[in-house]
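Worksheet: the structure to be examined is printed underneath.
Heavy-atom basis, side chains included; hydrogens, waters and symmetry copies ignored.
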2 protein chains.
Amino acid sequence: MSIQTRRERERAERERLIVTAARELAEAEGWEAVTTRRLAAEIEYSQPVLYSHFKGKDAIMAAVAVEGFAEMAEELRKARTAAGGTRAALAAVGEAYTAFARRRPALYDAMFTHTVDLPFATPEAPSALHAAFGELLRAVEPVAADGEDPGQLTETYWAGLHGLTTLMRSGRLPEGAHDRRLALLTAHFTASD
Amino acid sequence: MSIQTRRERERAERERLIVTAARELAEAEGWEAVTTRRLAAEIEYSQPVLYSHFKGKDAIMAAVAVEGFAEMAEELRKARTAAGGTRAALAAVGEAYTAFARRRPALYDAMFTHTVDLPFATPEAPSALHAAFGELLRAVEPVAADGEDPGQLTETYWAGLHGLTTLMRSGRLPEGAHDRRLALLTAHFTASD
DNA sequence: CCAGAATCCTAGCATCGCTAGCGTTCGTGT
DNA sequence: ACACGAACGCTAGCGATGCTAGGATTCTGG
């Protein structure tokens, strides 16, 4: 039994090694540099080993994405609880969201643009994902007007944040005015009440 | 001289053939089906011909994207001018934008997610691109509050629309409540003043 | 100590975007 | 009218991708 557990532990460690290496490589050189050959070399195993842990490259990206959701949830929570007042909290969360996306672009891509292997708007979604959305929800909820569904309002605000980050990252929006645009978005979600 | 012009005309026709074939293939089977081999077979020429017209696959996608901008601008214009009142106009434009994205997903991807070959927020950007943004601008401008930069406000509203479409398209947002979310977004941009 | 199972690697497949180099066809000048 | 030169478009191939089949090697259990 002990041997069995040791093997399982080693397997789990190697799986973490894969995910960590994939993430570090992606953050250092972008996801286009994360090839199965390169990743295999990085963990000092051969390519097929990757496929004994994950169904394919997408599944590896999904694992990295889950890590990202957990970290984002944590950062959003800190920003929200550190702020006084509901408007300040929403602004702080929006700021934290876009800051996360700009600081960890590869992680953000894995979470929100690339992979689709993960279930999202269902109970089967990873708990880290629910946690991240929950932080947004808690910041948006207090500013929802009567008759507005807080969940839908959160989704809409989230879409605004997501649009700002992706359009800016792809060069569609100039970087300079980002803070102004973010302030406009937040203002228009707190103005109604 | 006549011979020269005939050749140029034929070249231009073949270039349009390439762009049209690429677009149709993408709209029918998605951009992942648009390989250079497949596209070459479709236009009944060999692969290298593509590279005598375009620098690479990205440039072909960029050409398709420009077509898309022109059509989107037209649809936004129709929606805006057909609506009475400023709030109705903004709602109509938002509706038209997301409807376009849902009806022509491959085109939308070429315009807003895939290619980066095109200049965007500069005067060098294709005129069709300015036209499309201009339609959004004309719809947003009237609802801008004092002290709000209309251009930045338009960019922010645009980001909201873009976020809604991409998150929905990738399965991150449930399709069902799309209309509600769109209504929320528009409402929060018309509520002020 | 040996049979059987688990594990991991070498080698390869099909496909991708893209390019070098060669024939062939066409327009031009004598 | 004819040979020459220059475009033109094709065949063939390169390097790299994600992924997999098959065998060699190691380890486990009787």
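Q47(B) contributes a side-chain N or O that forms a donor-acceptor pair with the base of dC18(C) under 3.5 Å.
Rounding to whole angstrom units, CD of residue E10(B) and P of dC8(D) are separated by 11 Å.
Remark: R14(A) pairs with no residue by the salt bridge (charged side-chain N to carboxylate O under 4.0 Å, His left out) rule, at least two apart or across chains. R80(A) pairs by the side-chain hydrogen bond (donor to acceptor under 3.5 Å, both in side chains) definition with E135(A), not counting sequence neighbours.
Residues of residues 14-42 of chain B having a heavy atom closer than 4.0 Å to DNA chain D, listed by number: R14(B), R37(B). The stretch residues 49-64 of chain A touches DNA chain D through Y51(A), G56(A), K57(A), each having a heavy atom within less than 4.0 Å of the strand.
For H178(A) and Q152(B), the side-chain atoms include no donor-acceptor pair closer than 3.5 Å. In this structure, a donor-acceptor pair under 3.5 Å is present between the side chains of R172(B) and S170(B). Side-chain contact check for Y97(A) and T165(A): no donor-acceptor pair (N or O, by modelled atom type) lies under 3.5 Å. In this structure, a donor-acceptor pair under 3.5 Å is absent between the side chains of T113(B) and Y108(B).
Evaluation of the salt bridge (charged side-chain N to carboxylate O under 4.0 Å, His left out) test over residues 106-115 of chain A, restricted to residues two or more places apart or in two chains, returns D109(A)-R169(A). Listed by first then second residue, pairs satisfying salt bridge (charged side-chain N to carboxylate O under 4.0 Å, His left out) with a partner in residues 56-66 of chain A number zero, not counting sequence neighbours.
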